[in-house]
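Heads up, the thing below is written out as structure tokens.
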Amino acid sequence: LSSAGKFIAAKTINTITYINDFGIDRADNIYLSGEKDQGEIPGTSNYYLKLDKSGRTLVSKLGAGDNSSPKLLVDTSANIFMNYTSGFGKYTGDGTLIWKANIDQHFRPAFALDKYNYLYTVAKTSSLNFKKHNSNGQIVWQRTIPQITGAIKILMTVDEQNNVIICSSYNMETRIIKYPACQ
């Protein structure tokens, strides 16, 4: 709906079996990630779709990543970041890989973008590793998050003041950590 409450567009998408995540860029393009059932082929593959603000398909791509139905983020330049069980990657808006970082772990890393397009990641290896990456994927700094072990689920976001908020859950306990203005 528009800001005046008028209907803009609707789209039925038959190419994605399950939607996992979506994002919107400054031009109101819509980015979707999900899974596509392979029919006769056992299992599913991940799928990436980009639509313009009227719902027209701009990009339709199967298999970007490692078949784990990635979460996605869109930066201010309309590049997309997707995370997988094995790590995360940065792609152009048409789904072309710019860079990818692999992480040896057992679950998908949490990640968030700040207003300057820095990527923050938290991954569980032998401990929880908190990192800040520049737009080329290089690590600006990294820290080990204290007093959190065994986290099963980790979520994170960055607020308007560039504070990073991390939530972790394990064994009926949830912890929330706020790192102030991570510069």
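In this chain, numbering begins with 1 at the start of the sequence shown. Just so you know, these numbers come straight off a predicted model, no measurement behind them.
One side chain, Asn117 or Thr76, offers a donor N or O that lies under 3.5 Å from an acceptor on the other. Using a 3.5 Å distance cut-off with no hydrogens or angles, the side chains of Asp114 and Tyr120 do pair a donor with an acceptor.
Minimum heavy-atom separation, Asp75 to Lys90: OD2-CE, 4.1 Å. Across every non-hydrogen atom of Gly23 and Leu72, the tightest pair is N-CD1, 3.6 Å.
Counting heavy atoms from C-beta on, the side chains of Val164 and Met156 come closer than 4.5 Å. Side-chain contact check for Val59 versus Tyr31: every heavy-atom pair is 4.5 Å or farther apart. Using a 4.5 Å heavy-atom threshold, the side chains of Asn163 and Val158 count as separate. Annotation: side chain of Leu73 is in contact with side chain of Leu119 (closest heavy-atom distance under 4.5 Å). Side-chain contact check for Thr92 versus Ile98: some heavy-atom pair is nearer than 4.5 Å. The shortest side-chain heavy-atom distance between Asn29 and Leu51 does not fall under the 4.5 Å cut-off.
At a threshold of 4.5 Å between side-chain heavy atoms, the hydrophobic network of Ile, Leu, Val, Met, Phe, Trp and Tyr places Ile154 and Ile177 in one connected group. In the hydrophobic cluster analysis, where Ile, Leu, Val, Met, Phe, Trp and Tyr join through side-chain heavy atoms closer than 4.5 angstrom, Ile165 is grouped apart from Val122. Hydrophobic clustering (ILVMFWY, side-chain heavy atoms < 4.5 Å, transitive): Leu113 and Ile139 are in distinct clusters. Cluster annotation: Ile176 and Phe130 are assigned to distinct hydrophobic clusters (Ile/Leu/Val/Met/Phe/Trp/Tyr, side-chain heavy-atom contacts under 4.5 Å, transitive).
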- Evaluation steps, side-chain contact (heavy atoms from CB on, under 4.5 Å), between Val74 and Asn79: CA-CA 6 Å; Val74 182; Asn79 294 307; over 6 Å; no

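Within the model, atoms NZ of Lys132 and CZ of Arg143 stand 9.0 Å from one another, a figure rounded to the nearest 0.5 Å. Here the straight-line distance linking atom NZ of Lys178 with atom SG of Cys167 works out to 12.0 Å at 0.5 Å rounding. If you take NZ on Lys115 and CG on Asn162, they are separated by 5.5 Å, rounding to the nearest 0.5 Å. Here the straight-line distance linking atom CG of Asp21 with atom CE of Met82 works out to 10.5 Å at 0.5 Å rounding.
You'll find the ring centres of Phe81 and Tyr91 outside the 6.0 Å limit.
A donor-acceptor distance shorter than 3.5 angstrom exists from the side chain of Trp99 to the backbone of Ser135, with no hydrogens or angles considered. The backbone N or O of Gln138 lies less than 3.5 Å from no partner atom in the side chain of Asn136, so there is not a single donor-acceptor pair.
Residues satisfying the salt bridge (charged side-chain N to carboxylate O under 4.0 Å, His left out) test with Asp94, not counting sequence neighbours, are none.
Aromatic ring orientation, Phe88 versus His133: perpendicular (interplanar angle above 60°, classes split at 30° and 60°).
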